[in-house]
Amino acid sequence: MLQRFVGLAAAGLASASVATCAFAQETERKGIPAPPGHVFKTIISGYEFRSKETRALQDDDLENPGFLAVERAADVWKKVEGTEGKSCMSCHGQAETSMKGVGAAMPKWDDKLKKPVNLEQRINICRTDHMKAEPWKFKSQELTDMTAFVRYQSHGMPVTVKSDGPMSPWFERGKAIYYTRFGQLDLACESCHERNNGKFMRADFLSQGQTNGFPTYRLRDQRLVPLHERFEGCMFDVRAEPFKPLSDEFLALELYVAWRGIGLPVETPAVRN
Amino acid sequence: MADKPRIKLPKEAAKGEVIQIKTLVSHVMESGQRKDAQGKAIPRKIINKFACEFNGKPVFSCALEPAISANPYVQFSAKVDEAGTFKFSWTDDDGTVITAEEKIALKA
């Protein structure tokens, strides 16, 4: 009898501690209130889902390995390339002032192309049209570095994408992709990042799948990873055939997912698992 | 060209003060254990030695091993008795050495 009582008490204790644990994690994750009509009540950055060691690495500007890329690109910004004899600086001057807020508002509508373009595409448009230089390949270190550098100029500013006007069909398309199940595992983005965020998937927390920290230094890859490569990774993981990076599908998804994190501060270069 | 290493230490210190030095260098730290898409081993390329000296005297040095991840970060402390220059060096497997210097002054 006594033994049974002890066992029960221990079980009671254990469940109590599990409950407080879960509660503690819940309260730990600070987010921002979502605007009316949003899918989430609270929008939470992926930062809040990571361990305190990873967060410390991101917070320290010296330790954060993403800054190696930012510094590399700061030099490339001044470098003259292409037949026009121009560098980024020739037109845009100091990136600290001219690029402020640019990265926070991407993807943006392009009147000439009649479609939204993201930061990587915008940089390459500049290179081919204005500098008459070779565009950088997607996933190349140069393009990812420059994307991180430009986006870093919006560090701490809220994500503000426009989803109305000509962008609205793209927004709807992105939303449709977000809620479509893909691959042999038959999972949609929504299955993990909306319905189950904050829970464990194997040994790791599922986040809300926010994009405010991209390009992100992934400890797994030991380098900066651009957003569309991460999208590809997610689709590969659910055993689907991924869309191509910089395709219309991923662009629509980028727009929609950026809207899901509207108001979150830009964290580029963030550090994630 | 290798990137400039990132180094953080105070601009000045009191005599006898123990200061923190943080360094971060950009490097692939290829372990030699991985294979490329064709199945051929990717040759090892790591920084195998890090050293720091102050006014010509060694302060700190360490051997780095293949299991250390890319962009190695090293943090250590040093006692400052005089004004001078910290010299840092990272030695690559291929023999190239990345160097950097940082000056420190004594607090009046």
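Sequence lines set the chain letters: A, B, ... in the order given, protein chains first and strands last, and positions in each chain run from 1.
When the shell of 6.0 Å around CD of B:Glu12 is examined, it contains more than 12 heavy atoms from other residues, nucleotides or ligands. Around atom CD of A:Glu241, no more than 12 heavy atoms belonging to other residues, nucleotides or ligands sit under 6.0 Å away. Open room surrounds NZ on A:Lys244; 12 or fewer heavy atoms of other groups in view lie less than 6.0 Å from it. Annotation: B:Lys87, atom NZ; neighbour count of heavy atoms from other residues, nucleotides and ligands within 6.0 Å does not exceed 12.
Among all heavy-atom pairs drawn from B:Ala70 and A:Gln222, the shortest one is N-OE1, 2.6 Å. Contact record, B:Leu24 with A:Pro65: CD2-CA, 4.0 Å, taken as the closest heavy-atom pair.
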I would like to know whether B:Lys22 and A:Asp60 meet side-chain contact (heavy atoms from CB on, under 4.5 Å); could you show each step before the answer?
CA-CA 11 Å; B:Lys22 296 175 170 183; A:Asp60 189 320; 3.0 Å; yes
Under the criterion salt bridge (Lys or Arg N to Asp or Glu O under 4.0 Å), I'd like the reasoning laid out for A:Asp61 against B:Lys8: C-alpha separation, chi angles, the key distance, then a yes or no.
CA-CA 10 Å; A:Asp61 279 5; B:Lys8 192 175 178 184; over 6 Å; no
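In this structure, chain B has a heavy atom under 4.5 Å from the backbone of A:Asn64, while its side chain stays farther away. Only the side chain of A:Glu71 comes within contact range of chain B, with heavy atoms under 4.5 Å apart.
Between A:Asp75 and B:Lys4, no side-chain nitrogen of the basic residue sits less than 4.0 Å from a carboxylate oxygen of the acidic one, so the salt-bridge criterion is not met.
To the nearest 0.5 Å, atoms OH (B:Tyr73) and CG (A:Leu62) are separated by 6.5 Å. Separation of atoms OG1 (B:Thr23) and CD (A:Glu63) is listed at 10.0 Å; rounding is to 0.5 Å.
Residues of residues 136-153 of chain A lying under 4.5 angstrom from chain B, judged on non-hydrogen atoms, do not exist.
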